Amino acid sequence: MSQNNDSRKRTVEQQIQRRTLISFSIFIVFIICGTVLFFRLYNEPQDKGGVQPTLRTALNTNEKIFRNAYSEAHEAKAYTVADAVPKPRVNGSYGMDGTLDTATWRMKVARNPGDTLYVTLADLQALPKTEVIFDFKCIEGWSQVTRWAGVRFSDFIEKYHLQPQTSMKYAGLITPDKAYYVGIDMPSMLHDQTLLCYEMNGKPLPQNQGYPLRLIIPVKYGVKHIKRIGVLYFSNERPPDYWAEQGYDYYTGL
Ligand SMILES: Nc1nc2c(c(=O)[nH]1)N[C@H]1C(S)=C(S)[C@@H](COP(=O)(O)O)O[C@H]1N2
Ligand SMILES: [Mo]
(Lines give C-alpha, C1' and ligand atoms only; values in the text may rest on other atoms or scores of the structure.)
(Ligands and ions follow the chains in the order given, each with its own letter.)
Protein backbone atom coordinates (compact mmCIF):
# COMPACT_ATOMS: atom_id res chain seq x y z
CA MET A 1 0.00 0.00 0.00
CA SER A 2 2.72 2.41 1.08
CA GLN A 3 4.87 1.29 -1.84
CA ASN A 4 2.00 1.96 -4.15
CA ASN A 5 1.65 5.48 -2.66
CA ASP A 6 5.37 6.09 -3.11
CA SER A 7 5.38 5.17 -6.76
CA ARG A 8 2.32 7.32 -7.38
CA LYS A 9 4.05 10.21 -5.63
CA ARG A 10 7.11 9.74 -7.76
CA THR A 11 4.94 9.72 -10.84
CA VAL A 12 3.45 13.05 -9.91
CA GLU A 13 6.90 14.48 -9.27
CA GLN A 14 8.11 13.07 -12.54
CA GLN A 15 5.17 14.62 -14.29
CA ILE A 16 5.95 17.98 -12.75
CA GLN A 17 9.58 17.61 -13.80
CA ARG A 18 8.54 16.63 -17.30
CA ARG A 19 6.24 19.62 -17.65
CA THR A 20 8.84 21.97 -16.25
CA LEU A 21 11.34 20.63 -18.77
CA ILE A 22 8.88 21.09 -21.67
CA SER A 23 7.99 24.65 -20.63
CA PHE A 24 11.62 25.48 -20.19
CA SER A 25 12.53 24.07 -23.62
CA ILE A 26 9.75 26.10 -25.26
CA PHE A 27 11.03 29.15 -23.39
CA ILE A 28 14.59 28.53 -24.66
CA VAL A 29 13.36 28.04 -28.25
CA PHE A 30 11.52 31.39 -28.05
CA ILE A 31 14.61 33.12 -26.65
CA ILE A 32 16.76 31.68 -29.47
CA CYS A 33 14.24 32.66 -32.19
CA GLY A 34 13.89 36.14 -30.70
CA THR A 35 17.66 36.59 -30.51
CA VAL A 36 18.17 35.36 -34.08
CA LEU A 37 15.41 37.68 -35.40
CA PHE A 38 16.78 40.58 -33.36
CA PHE A 39 20.31 40.24 -34.73
CA ARG A 40 19.03 39.62 -38.22
CA LEU A 41 17.04 42.89 -38.12
CA TYR A 42 19.85 44.66 -36.28
CA ASN A 43 22.45 43.80 -38.92
CA GLU A 44 20.16 44.09 -41.93
CA PRO A 45 20.68 47.24 -43.98
CA GLN A 46 17.46 49.31 -44.21
CA ASP A 47 15.73 49.79 -47.55
CA LYS A 48 14.99 53.24 -49.05
CA GLY A 49 11.98 53.47 -46.74
CA GLY A 50 14.16 53.07 -43.64
CA VAL A 51 12.71 49.61 -43.08
CA GLN A 52 14.66 46.36 -42.96
CA PRO A 53 13.83 43.89 -45.76
CA THR A 54 12.47 41.37 -43.24
CA LEU A 55 9.95 43.91 -41.93
CA ARG A 56 9.21 45.15 -45.46
CA THR A 57 8.38 41.56 -46.43
CA ALA A 58 5.86 41.49 -43.59
CA LEU A 59 4.33 44.83 -44.73
CA ASN A 60 4.12 43.58 -48.31
CA THR A 61 2.47 40.35 -47.13
CA ASN A 62 -0.09 42.43 -45.25
CA GLU A 63 -0.69 44.40 -48.45
CA LYS A 64 -1.36 41.18 -50.40
CA ILE A 65 -3.83 39.97 -47.78
CA PHE A 66 -5.57 43.37 -47.82
CA ARG A 67 -5.76 43.51 -51.61
CA ASN A 68 -7.24 40.04 -51.81
CA ALA A 69 -9.70 40.56 -48.96
CA TYR A 70 -11.07 43.84 -50.32
CA SER A 71 -12.46 43.84 -53.82
CA GLU A 72 -11.21 46.65 -56.02
CA ALA A 73 -14.76 47.89 -56.56
CA HIS A 74 -15.58 48.24 -52.86
CA GLU A 75 -16.91 51.68 -52.01
CA ALA A 76 -16.02 53.83 -49.04
CA LYS A 77 -19.25 54.52 -47.13
CA ALA A 78 -21.02 57.60 -48.50
CA TYR A 79 -22.46 60.31 -46.19
CA THR A 80 -24.86 63.22 -46.65
CA VAL A 81 -24.09 66.96 -46.84
CA ALA A 82 -25.47 67.35 -43.30
CA ASP A 83 -22.88 64.86 -41.97
CA ALA A 84 -19.93 66.87 -43.31
CA VAL A 85 -17.99 69.09 -40.88
CA PRO A 86 -18.11 72.82 -41.80
CA LYS A 87 -14.41 73.47 -41.11
CA PRO A 88 -12.33 70.39 -41.89
CA ARG A 89 -9.08 70.09 -40.04
CA VAL A 90 -5.89 71.07 -41.87
CA ASN A 91 -3.05 68.56 -41.63
CA GLY A 92 0.31 68.37 -43.39
CA SER A 93 2.03 71.23 -45.19
CA TYR A 94 4.93 69.69 -47.10
CA GLY A 95 5.14 71.23 -50.56
CA MET A 96 2.64 73.93 -49.59
CA ASP A 97 4.93 76.97 -49.09
CA GLY A 98 3.59 80.35 -50.24
CA THR A 99 0.36 80.88 -52.15
CA LEU A 100 -0.32 79.32 -55.49
CA ASP A 101 -1.33 81.42 -58.51
CA THR A 102 -3.59 79.73 -61.07
CA ALA A 103 -2.59 82.26 -63.75
CA THR A 104 0.60 80.27 -64.18
CA TRP A 105 -0.30 76.92 -62.59
CA ARG A 106 -0.83 73.93 -64.85
CA MET A 107 -1.05 70.27 -63.94
CA LYS A 108 1.78 68.68 -65.92
CA VAL A 109 0.77 65.24 -67.16
CA ALA A 110 3.74 63.19 -68.34
CA ARG A 111 1.96 61.31 -71.09
CA ASN A 112 5.03 59.70 -72.66
CA PRO A 113 8.75 60.43 -72.45
CA GLY A 114 9.17 63.94 -73.90
CA ASP A 115 5.40 64.39 -74.30
CA THR A 116 3.82 66.50 -71.55
CA LEU A 117 0.22 67.65 -71.38
CA TYR A 118 -0.53 70.95 -69.57
CA VAL A 119 -3.96 71.14 -67.95
CA THR A 120 -5.47 74.30 -66.45
CA LEU A 121 -7.99 74.50 -63.62
CA ALA A 122 -10.61 75.75 -66.13
CA ASP A 123 -9.96 72.67 -68.31
CA LEU A 124 -10.74 70.43 -65.34
CA GLN A 125 -13.80 72.45 -64.30
CA ALA A 126 -15.20 72.00 -67.80
CA LEU A 127 -15.38 68.23 -67.23
CA PRO A 128 -18.31 66.57 -65.40
CA LYS A 129 -18.24 67.34 -61.67
CA THR A 130 -18.52 64.57 -59.07
CA GLU A 131 -19.09 65.05 -55.33
CA VAL A 132 -17.78 62.69 -52.64
CA ILE A 133 -18.67 62.86 -48.93
CA PHE A 134 -16.74 60.33 -46.88
CA ASP A 135 -14.97 59.70 -43.59
CA PHE A 136 -11.45 61.08 -44.13
CA LYS A 137 -8.99 59.00 -42.09
CA CYS A 138 -5.48 60.03 -41.12
CA ILE A 139 -2.90 57.43 -40.06
CA GLU A 140 -2.32 59.56 -36.94
CA GLY A 141 -5.66 58.30 -35.66
CA TRP A 142 -8.23 61.02 -36.35
CA SER A 143 -11.05 60.95 -38.87
CA GLN A 144 -13.85 63.27 -39.96
CA VAL A 145 -16.64 63.33 -42.51
CA THR A 146 -15.72 65.82 -45.23
CA ARG A 147 -17.24 66.95 -48.53
CA TRP A 148 -15.29 67.35 -51.77
CA ALA A 149 -15.93 67.81 -55.48
CA GLY A 150 -13.95 67.68 -58.68
CA VAL A 151 -13.46 65.51 -61.71
CA ARG A 152 -13.40 61.78 -61.29
CA PHE A 153 -9.90 60.59 -62.15
CA SER A 154 -11.35 57.93 -64.49
CA ASP A 155 -13.41 60.62 -66.31
CA PHE A 156 -10.28 62.73 -66.72
CA ILE A 157 -8.42 59.70 -68.17
CA GLU A 158 -11.22 59.08 -70.64
CA LYS A 159 -11.59 62.73 -71.79
CA TYR A 160 -7.83 63.11 -72.29
CA HIS A 161 -7.45 59.69 -73.95
CA LEU A 162 -4.97 58.45 -71.38
CA GLN A 163 -6.29 54.87 -71.27
CA PRO A 164 -2.98 53.43 -72.62
CA GLN A 165 -1.15 55.05 -69.69
CA THR A 166 -3.46 53.33 -67.20
CA SER A 167 -2.14 49.92 -68.26
CA MET A 168 0.85 50.86 -66.08
CA LYS A 169 0.79 49.62 -62.47
CA TYR A 170 1.09 52.97 -60.66
CA ALA A 171 0.39 56.67 -60.88
CA GLY A 172 2.77 59.16 -59.26
CA LEU A 173 1.82 62.68 -58.12
CA ILE A 174 4.20 65.46 -57.03
CA THR A 175 3.74 68.99 -55.65
CA PRO A 176 5.08 71.82 -57.87
CA ASP A 177 8.12 72.24 -55.57
CA LYS A 178 8.66 68.42 -55.45
CA ALA A 179 8.62 68.44 -51.61
CA TYR A 180 5.66 66.01 -51.27
CA TYR A 181 4.98 63.04 -53.51
CA VAL A 182 2.88 59.91 -53.54
CA GLY A 183 2.64 56.69 -55.51
CA ILE A 184 -0.69 54.92 -55.88
CA ASP A 185 -1.70 51.59 -57.43
CA MET A 186 -3.72 52.03 -60.63
CA PRO A 187 -6.87 50.16 -59.50
CA SER A 188 -7.23 52.62 -56.60
CA MET A 189 -6.63 55.60 -58.91
CA LEU A 190 -9.38 54.36 -61.27
CA HIS A 191 -11.83 53.74 -58.42
CA ASP A 192 -15.02 55.74 -59.03
CA GLN A 193 -14.65 57.74 -55.78
CA THR A 194 -11.16 58.99 -56.67
CA LEU A 195 -11.20 62.67 -57.62
CA LEU A 196 -8.91 65.35 -59.00
CA CYS A 197 -10.53 67.66 -56.48
CA TYR A 198 -10.91 71.46 -56.74
CA GLU A 199 -13.77 72.11 -54.26
CA MET A 200 -14.39 71.63 -50.55
CA ASN A 201 -17.87 72.29 -49.09
CA GLY A 202 -19.01 73.76 -52.43
CA LYS A 203 -16.19 76.36 -52.60
CA PRO A 204 -12.74 76.44 -54.22
CA LEU A 205 -10.17 74.60 -52.10
CA PRO A 206 -8.53 76.81 -49.46
CA GLN A 207 -4.80 77.34 -50.14
CA ASN A 208 -3.80 75.20 -47.16
CA GLN A 209 -6.07 72.36 -48.25
CA GLY A 210 -4.59 72.01 -51.70
CA TYR A 211 -5.66 74.89 -53.97
CA PRO A 212 -6.04 74.62 -56.89
CA LEU A 213 -6.06 70.83 -57.13
CA ARG A 214 -5.63 67.90 -54.76
CA LEU A 215 -6.27 64.20 -54.82
CA ILE A 216 -9.27 62.77 -52.96
CA ILE A 217 -9.02 59.00 -52.76
CA PRO A 218 -11.44 57.60 -50.14
CA VAL A 219 -10.06 54.04 -50.42
CA LYS A 220 -6.77 55.31 -48.94
CA TYR A 221 -5.57 56.92 -45.72
CA GLY A 222 -4.96 60.71 -45.65
CA VAL A 223 -1.27 60.50 -46.57
CA LYS A 224 -2.17 59.66 -50.18
CA HIS A 225 -4.57 62.62 -50.62
CA ILE A 226 -1.82 64.86 -51.98
CA LYS A 227 -2.58 68.60 -51.83
CA ARG A 228 -1.44 71.07 -54.52
CA ILE A 229 -0.78 68.66 -57.40
CA GLY A 230 1.94 69.81 -59.83
CA VAL A 231 2.80 66.68 -61.79
CA LEU A 232 1.00 63.46 -62.69
CA TYR A 233 2.87 60.55 -64.24
CA PHE A 234 2.51 56.83 -64.84
CA SER A 235 4.92 54.02 -64.05
CA ASN A 236 5.28 50.27 -63.75
CA GLU A 237 7.69 50.73 -60.83
CA ARG A 238 6.50 52.02 -57.47
CA PRO A 239 6.84 55.82 -57.61
CA PRO A 240 8.69 57.41 -54.68
CA ASP A 241 6.30 58.05 -51.79
CA TYR A 242 7.00 60.53 -48.99
CA TRP A 243 5.53 58.58 -46.07
CA ALA A 244 6.56 55.14 -47.37
CA GLU A 245 10.14 56.50 -47.23
CA GLN A 246 9.56 57.29 -43.54
CA GLY A 247 8.69 53.65 -42.94
CA TYR A 248 4.90 53.67 -43.42
CA ASP A 249 3.12 51.02 -45.43
CA TYR A 250 3.15 51.87 -49.15
CA TYR A 251 -0.36 50.67 -49.97
CA THR A 252 -2.16 52.27 -46.98
CA GLY A 253 -5.52 50.97 -48.16
CA LEU A 254 -8.77 51.07 -46.22
N1 LIG B 1 1.20 68.53 -50.29
C2 LIG B 1 0.83 67.82 -49.20
N3 LIG B 1 -0.25 67.02 -49.25
C4 LIG B 1 -0.63 66.33 -48.15
C5 LIG B 1 0.11 66.39 -46.95
C6 LIG B 1 1.26 67.22 -46.92
O7 LIG B 1 1.99 67.33 -45.93
N8 LIG B 1 1.58 67.94 -48.06
N9 LIG B 1 -0.31 65.65 -45.84
C10 LIG B 1 -1.23 64.50 -46.07
C11 LIG B 1 -1.87 64.05 -44.84
S12 LIG B 1 -0.90 63.18 -43.75
C13 LIG B 1 -3.21 64.22 -44.59
S14 LIG B 1 -3.98 63.53 -43.24
C15 LIG B 1 -4.04 65.04 -45.51
C16 LIG B 1 -4.77 66.15 -44.73
O17 LIG B 1 -5.58 66.90 -45.59
P18 LIG B 1 -6.25 68.21 -45.01
O19 LIG B 1 -5.16 69.17 -44.63
O20 LIG B 1 -7.16 68.73 -46.05
O21 LIG B 1 -7.00 67.77 -43.76
O22 LIG B 1 -3.26 65.64 -46.54
C23 LIG B 1 -2.28 64.82 -47.11
N24 LIG B 1 -1.74 65.54 -48.24
MO1 LIG C 1 -2.38 62.07 -42.41
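Not measured: the values here are computed from a predicted model. Each ligand, and each atom within it, is numbered from 1 in the order the structure gives.
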Which pairs of nitrogen or oxygen atoms, taken one from ligand 1 and one from the protein, are under 3.5 angstrom apart?
| residue | atom | partner | partner atom | Å |
| --- | --- | --- | --- | --- |
| ligand 1 | 1 (N) | Tyr94 | O | 2.9 |
| ligand 1 | 1 (N) | Lys227 | O | 3.0 |
| ligand 1 | 3 (N) | Lys227 | N | 3.0 |
| ligand 1 | 7 (O) | Ser93 | N | 3.1 |
| ligand 1 | 7 (O) | Tyr94 | N | 3.1 |
| ligand 1 | 8 (N) | Tyr94 | N | 3.4 |
| ligand 1 | 8 (N) | Tyr94 | O | 2.8 |
| ligand 1 | 17 (O) | Arg214 | NH2 | 3.1 |
| ligand 1 | 19 (O) | Asn91 | N | 2.7 |
| ligand 1 | 19 (O) | Asn91 | O | 3.2 |
| ligand 1 | 19 (O) | Lys227 | NZ | 2.6 |
| ligand 1 | 20 (O) | Gln209 | NE2 | 2.8 |
| ligand 1 | 20 (O) | Arg214 | NH1 | 2.7 |
| ligand 1 | 21 (O) | Arg89 | O | 2.6 |
| ligand 1 | 24 (N) | His225 | O | 3.0 |

Please list, one pair per line, the donor and acceptor atoms closer than 3.5 Å that link side chains of residues 119-131 to other protein atoms, with sequence neighbours excluded.
| residue | atom | partner | partner atom | Å |
| --- | --- | --- | --- | --- |
| Thr120 | OG1 | Ala122 | N | 3.4 |
| Thr120 | OG1 | Asp123 | N | 3.0 |
| Thr120 | OG1 | Asp123 | OD1 | 3.3 |
| Thr120 | OG1 | Asp123 | OD2 | 3.1 |
| Asp123 | OD2 | Thr120 | N | 2.9 |
| Lys129 | NZ | Glu199 | OE1 | 3.2 |
| Lys129 | NZ | Glu199 | OE2 | 2.9 |
| Glu131 | OE2 | Arg147 | NE | 2.8 |
| Glu131 | OE2 | Arg147 | NH2 | 3.2 |

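Residue pairs that meet the ring-ring contact (aromatic ring centres under 6.0 Å, His included) test with at least one member in residues 88-124, sequence neighbours left out, are Tyr94-Tyr242.
Between Tyr211 and Thr99, the side chains place no donor N or O within less than 3.5 Å of an acceptor N or O (distance only, hydrogens not considered).
In this structure, the side chain to side chain contact (heavy atoms under 4.5 Å, CB included) partners of Asp177, at least two apart in sequence or on a different chain, are Thr175, Ala179.
In this structure, Lys77 is positioned above the aromatic face of Tyr79, its NZ or CZ under 6.0 Å from the six-membered ring centre and within 45° of the axis.
Of the listed residues (Asp249, Asp241, Asp185), just one forms a salt bridge (charged side-chain N to carboxylate O under 4.0 Å, His left out) with Lys224, and that residue is Asp241.
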